[in-house]
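Everything on this sheet refers to the single structure shown next.
Since this is a predicted model, take the numbers as computed values, not measurements.
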Amino acid sequence: MNRLHLSYALVGVLALLLAFWSSAVRRAPVSEPLLALSLGVLAGPVLGLIDLPADQMTALMVESSRILLAISLMAVALRFPLSDYRSVIRPVGVLLAVAMVGMAVVSAGLAWLVLGLPLALAMLLGACVTPTDPVLASSIVSGRPAERELPVRLRQVISGESGANDGLAFAFVVLALSAVTSGSSSGALVEVIWAVAGALLIGVAVGWSAGRAILAAEKREDVDRGSLLVFTIVLGVAALGLARLAYTDGILAVFVAGLAYNAMVGGRSRASQQRLDDALTRYLVLPLFFLLGVEVPWHDWVELGWPVVAFAVALLLRRLPVVLALKPALGLSWRSTVFLGWFGPVGVSALFYLTHSQQNGVADPRLWAAGSLAVVASTVVHGVTAAPGRRWYVRRPPASTR
């Protein structure tokens, strides 16, 4: 327990320092998740101050990543008016229907060929690291620097994709997980259908009901603007809990609930949403990435040798050629397509699906070793290149900012 309390203290001190130097951190080529990850590595593997039991660490990581995803996806759903999201249905649809499937296949193929994993386990690893992470993506597309340097449409595409594919990845993970644990995916098909359909139903019902309640309360002047921030956070947690009770895809249900709530309340959520985005990317990610730093499996990485490093590097590069090949269908400028192809971070969603798979019977240590290295590599590389990437984008304005 003292080690857990030490974790609280270290994360709390880091949050205070980030709050004190918040503007400087935004301008620096680092991100809040990267700083928390570095602190966790220092406190855990380097100094040995914190060493929690493996089962306790897995439970902490799966639940904290689940809650963080719920809050993050609610933030993504409310980041722009719903009409703006409708305007990017085409590129987001292409990314979900084609690019997501392509990256899942490429990731599984890399895990099979480079790491030598059994095909079913390779498919599971590929599914876990496929979705673009909404938490890490928020540090790229939200905040004043992003609003100044990136066109609105590009930020909408990244937000829409990262919001939707996190939930849809659940279907890939369930099918692959069934193949690993039972040897076949056929029995999981009904579970996948209900997970998606049930998530859509619950999400729409929760978001619509919450929006109606807010509108009714505003007519009676029973709600103030400050409470809307807390309301959107607990709305995401509520949608997640109800979806989990119904054995559906809780991650997708939260995003759909946010979109339905956005449609009901319109611009009333915008003022509080900006603060939600900022609080999320700066502070709520710190405990999870600190835990990841403590838990990094150095010995497993060493045992796997150069193949796991090659896998992580290939995973960082796999998205760019896929997205560039889809440029005609995306309807974006070359500069926007390159930016979109590079910034597809692997982060909280991958951690959730990796630890979820461990809790559901996958004991092969290579899953966590390869997946965690992919997350660490993405956190470092995309965190370091986010600010320079935005500056590169505005250095020479493209002919079209679509």
Side-chain angles (χ1 to χ4, degrees), residues 1-26 28 30-75 133-136 138-139 143 229-230 232-234 236-238 240-241 244 250-251 254 275-298 345 347-356 358-359 368 371-372 375-376 378-380 383:
M1 187 59 69
N2 288 335
R3 293 178 178 178
L4 192 58
H5 292 163
L6 177 59
S7 301
Y8 299 160
L10 291 174
V11 173
V13 170
L14 177 61
L16 289 174
L17 294 176
L18 290 177
F20 188 76
W21 284 296
S22 56
S23 298
V25 172
R26 284 294 190 188
V30 294
S31 64
E32 287 82 357
L34 177 56
L35 293 173
L37 175 68
S38 303
L39 180 62
V41 171
L42 180 64
V46 175
L47 299 179
L49 299 177
I50 299 172
D51 183 17
L52 299 176
D55 56 343
Q56 185 178 359
M57 184 67 76
T58 299
L60 282 172
M61 193 166 289
V62 71
E63 292 305 325
S64 58
S65 60
R66 196 197 307 269
I67 295 296
L68 181 55
L69 278 176
I71 300 174
S72 174
L73 291 175
M74 185 58 63
D133 184 61
V135 180
L136 296 183
S138 291
S139 64
L229 172 60
V230 177
T232 54
I233 293 176
V234 298
V237 176
L240 176 65
R244 292 295 298 157
I251 305 302
V254 171
R275 287 177 288 163
L276 176 58
D277 265 349
D278 192 60
L280 175 69
T281 55
R282 286 177 177 270
Y283 304 113
L284 297 185
V285 301
L286 300 181
L288 180 63
F289 280 87
F290 177 84
L291 286 176
L292 174 61
V294 172
E295 183 66 2
V296 287
W298 298 101
V348 177
S349 51
L351 292 177
F352 168 70
Y353 286 124
L354 288 168
T355 50
H356 170 80
Q358 287 180 314
Q359 281 196 330
W368 173 250
S372 61
V375 175
V376 170
S378 180
T379 303
V380 173

>> The test is side-chain contact (heavy atoms from CB on, under 4.5 Å); show your working for S372 and V296 and say whether it passes.
In response: CA-CA 7 Å; S372 61; V296 287; 5.9 Å; no
>> Ignoring hydrogens, what is the shortest heavy-atom contact between F290 and L10? Give both atom names and the distance.
In response: CZ-CD1, 3.9 Å
> Are side-chain heavy atoms of D133 and L69 found at a separation under 4.5 Å?
Replying inline: yes
>> For P45 versus G293, what's the shortest heavy-atom pair and its separation?
In response: CD-O, 3.5 Å
>> Going by side chain to side chain contact (heavy atoms under 4.5 Å, CB included), L291 matches just one of L37, V11, L60. Which one?
In response: L60
> Distance from E63 atom CD to H356 atom NE2, nearest 0.5 Å?
Replying inline: 11.0 Å
>> Between L6 and I50, does the side-chain contact (heavy atoms from CB on, under 4.5 Å) criterion hold? Intermediate values first, please.
In response: CA-CA 8 Å; L6 177 59; I50 299 172; 4.0 Å; yes
> What's the spacing between L288 CG and I67 CD1 if we round to 0.5 Å?
Replying inline: 12.0 Å
>> Just to verify, what does L47 make a side chain to side chain contact (heavy atoms under 4.5 Å, CB included) with, not counting sequence neighbours?
In response: L42, L49
> Between L73 and P134, which heavy-atom pair has the shortest distance, and what is it?
Replying inline: CD2-CG, 3.8 Å
>> Nearest 0.5 angstrom please: S65 OG to I251 CD1, how far?
In response: 8.0 Å
>> Checking V41 against L292 for the side-chain contact (heavy atoms from CB on, under 4.5 Å) test, could you report, in this order, the C-alpha distance in whole Å, the side-chain angles of both residues, the deciding distance, and whether it holds?
In response: CA-CA 8 Å; V41 171; L292 174 61; over 6 Å; no
>> To the closest 0.5 Å, what do you measure between CD1 (I71) and CG (L240)?
In response: 9.5 Å
> Going from CZ on F289 to CG on L136, what distance comes out if it is rounded to the nearest 0.5 angstrom?
Replying inline: 4.5 Å
> Is the closest side-chain heavy-atom distance between E32 and L286 below 4.5 Å?
Replying inline: yes
>> So, taking the atom named CH2 in W368 and the one named OG1 in T355, what distance separates them when rounded to the nearest 0.5 Å?
In response: 6.5 Å
